[in-house]
Amino acid sequence: MQSYVALLYSIVLAEGRRVVMADLRAMAERLGHRSPRTLVATGNLVFEADRTAVRNLEATLEAAFAETFGRHVDIIVRPGDDWLKLAAANPFRDDGEEDGTRVHVRVMRDPLTGAVPSDFERYCTAGERLAVVEHNSLNRNRFKDKIMQQLKVLQRPLRV
C-alpha cells in the first residue's frame with residue numbers, strides 16, 4: 001500500500017461553480033482508492049492505493065474527473081514519500097518557517113528542459129530566489145539554486 005498526493009490544477013468548473021471536495025473524495029473512492037482526503041478546497045487529494053505507475057494514476061484520475069465534473073483538469077500525482085523528501089530538502093526552510101506564504105512549489109509532470117528554468121527568472125523581482133528541484137535528485141539532495149530570494153514564481157504553497 002502506498003500513499004499518494006494528487007494535485008488538481010484549475011478546479012474552477014465555470015463561473016461561480018467549483019469542485020465540492022466531498023464529490024472529489026467520492027470520485028476517488030469509486031476508483032478504488034482508500035482513505036481519500038482533501039485539504040480545505042485546494043483541489044489536493046491524498047489517498048492510499050496499491051503501488052502503481054504514477055502516469056496510470058494520473059490518467060485514471062483525469063478521466064474520472066472529466067466524467068464526474070464535465071471538464072478536463074490536469075492532475076499531477078506523486079507518492080507521499082516524494083513530498084516528505086521534498087520538504088526535508090527544502091532550500092528555503094528558514095524562509096518558510098518565518099512566513100509559510102513565502103515559499104511556493106510548482107510541481108511539473110515532466111522535467112523542465114532547455115532554457116525554461118532561466119525563462120522563469122524574468123518573473124522574479126529583486127531579492128527573490130528560484131530553485132529548480134529535480135525529481136530524480138531528491139534522494140541526493142541536489143539543487144540548482146538561482147540568485148533570488150523567495151520562490152515566488154511557483155504557484156502552490158508547500159505545507160507538509
Side-chain angles (χ1 to χ4, degrees), residues 1-93 95-113 116-117 120 130-143 150-160:
M1 187 67 59
Q2 170 75 47
S3 293
Y4 292 96
V5 177
L7 306 177
L8 288 73
Y9 287 100
S10 186
I11 63 170
V12 176
L13 299 174
E15 184 68 35
R17 186 167 169 247
R18 294 187 178 266
V19 173
V20 175
M21 294 300 104
D23 296 340
L24 182 60
R25 289 189 301 271
M27 179 199 82
E29 286 178 336
R30 282 193 303 277
L31 292 173
H33 302 317
R34 294 178 269 307
S35 304
R37 302 152 322 271
T38 56
L39 177 62
V40 196
T42 60
N44 297 331
L45 179 67
V46 178
F47 59 92
E48 277 74 44
D50 294 331
R51 288 185 186 273
T52 187
V54 165
R55 295 289 183 160
N56 292 344
L57 288 170
E58 291 170 340
T60 309
L61 285 165
E62 287 176 355
F65 188 93
E67 181 180 316
T68 303
F69 298 103
R71 97 176 255 265
H72 172 82
V73 167
D74 289 334
I75 300 176
I76 298 176
V77 176
R78 294 291 180 267
D81 292 346
D82 284 2
W83 283 103
L84 296 174
K85 290 174 189 172
L86 178 63
N90 178 2
F92 304 109
R93 181 183 311 272
D95 292 331
E97 292 294 324
E98 180 182 318
D99 178 1
T101 64
R102 293 183 62 196
V103 177
H104 302 274
V105 174
R106 172 65 161 108
V107 177
M108 308 297 287
R109 181 168 282 161
D110 295 308
L112 298 175
T113 59
V116 174
F120 282 134
L130 169 67
V132 176
V133 180
E134 298 177 35
H135 173 71
N136 292 333
S137 70
L138 288 177
N139 291 327
R140 294 188 306 273
N141 193 15
R142 237 182 34 189
F143 290 91
Q150 86 190 104
L151 196 56
K152 189 175 182 180
V153 172
L154 307 179
Q155 296 177 353
R156 198 169 289 272
L158 173 64
R159 303 278 186 189
V160 177

Peer 1: What are the two closest heavy atoms between Gln2 and Gly80, and how far apart are they?
Peer 2: NE2-N, 3.8 Å

Peer 1: Got a sec, which residues hit side-chain hydrogen bond (donor to acceptor under 3.5 Å, both in side chains) with Thr52, two or more places apart in sequence or on another chain?
Peer 2: none

Peer 1: Not counting sequence neighbours, which residues clear side-chain hydrogen bond (donor to acceptor under 3.5 Å, both in side chains) with Asp74? List them please.
Peer 2: His72

Peer 1: Roughly how far, to the nearest 0.5 Å, is the CD1 atom of Ile76 from the CG atom of Leu57?
Peer 2: 13.5 Å

Peer 1: Mind checking side-chain hydrogen bond (donor to acceptor under 3.5 Å, both in side chains) for Asp50 and listing every partner two or more places apart, or none if nothing turns up?
Peer 2: Arg34

Peer 1: Sequence neighbours left out, what passes salt bridge (charged side-chain N to carboxylate O under 4.0 Å, His left out) with Arg55? Give chain and number order.
Peer 2: Asp110

Peer 1: Under a 4.5 Å cut-off applied to non-hydrogen side-chain atoms, are Met21 and Arg37 in contact?
Peer 2: no

Peer 1: Which heavy atom of Val54 sits nearest to which heavy atom of Val77, and what is that distance?
Peer 2: CG1-O, 2.9 Å

Peer 1: What distance separates Leu24 CG from Phe47 CZ, expressed to the nearest 0.5 Å?
Peer 2: 10.0 Å

Peer 1: Measuring from atom CG of Leu8 to atom CZ of Phe69, what distance do you get when rounded to the nearest 0.5 angstrom?
Peer 2: 8.5 Å

Peer 1: Sequence neighbours left out, cut at 3.5 Å: what donor-acceptor pairs do the side chains of residues 25-33 make with other protein atoms?
Peer 2:
| unit_1 | atom_1 | unit_2 | atom_2 | d |
| --- | --- | --- | --- | --- |
| Arg25 | NH1 | Thr38 | OG1 | 2.7 |
| Arg30 | NH2 | Thr68 | OG1 | 3.2 |

Peer 1: Return the set of residues passing salt bridge (charged side-chain N to carboxylate O under 4.0 Å, His left out) with Glu58 (not counting sequence neighbours), or none when no residue passes.
Peer 2: Arg78, Arg109

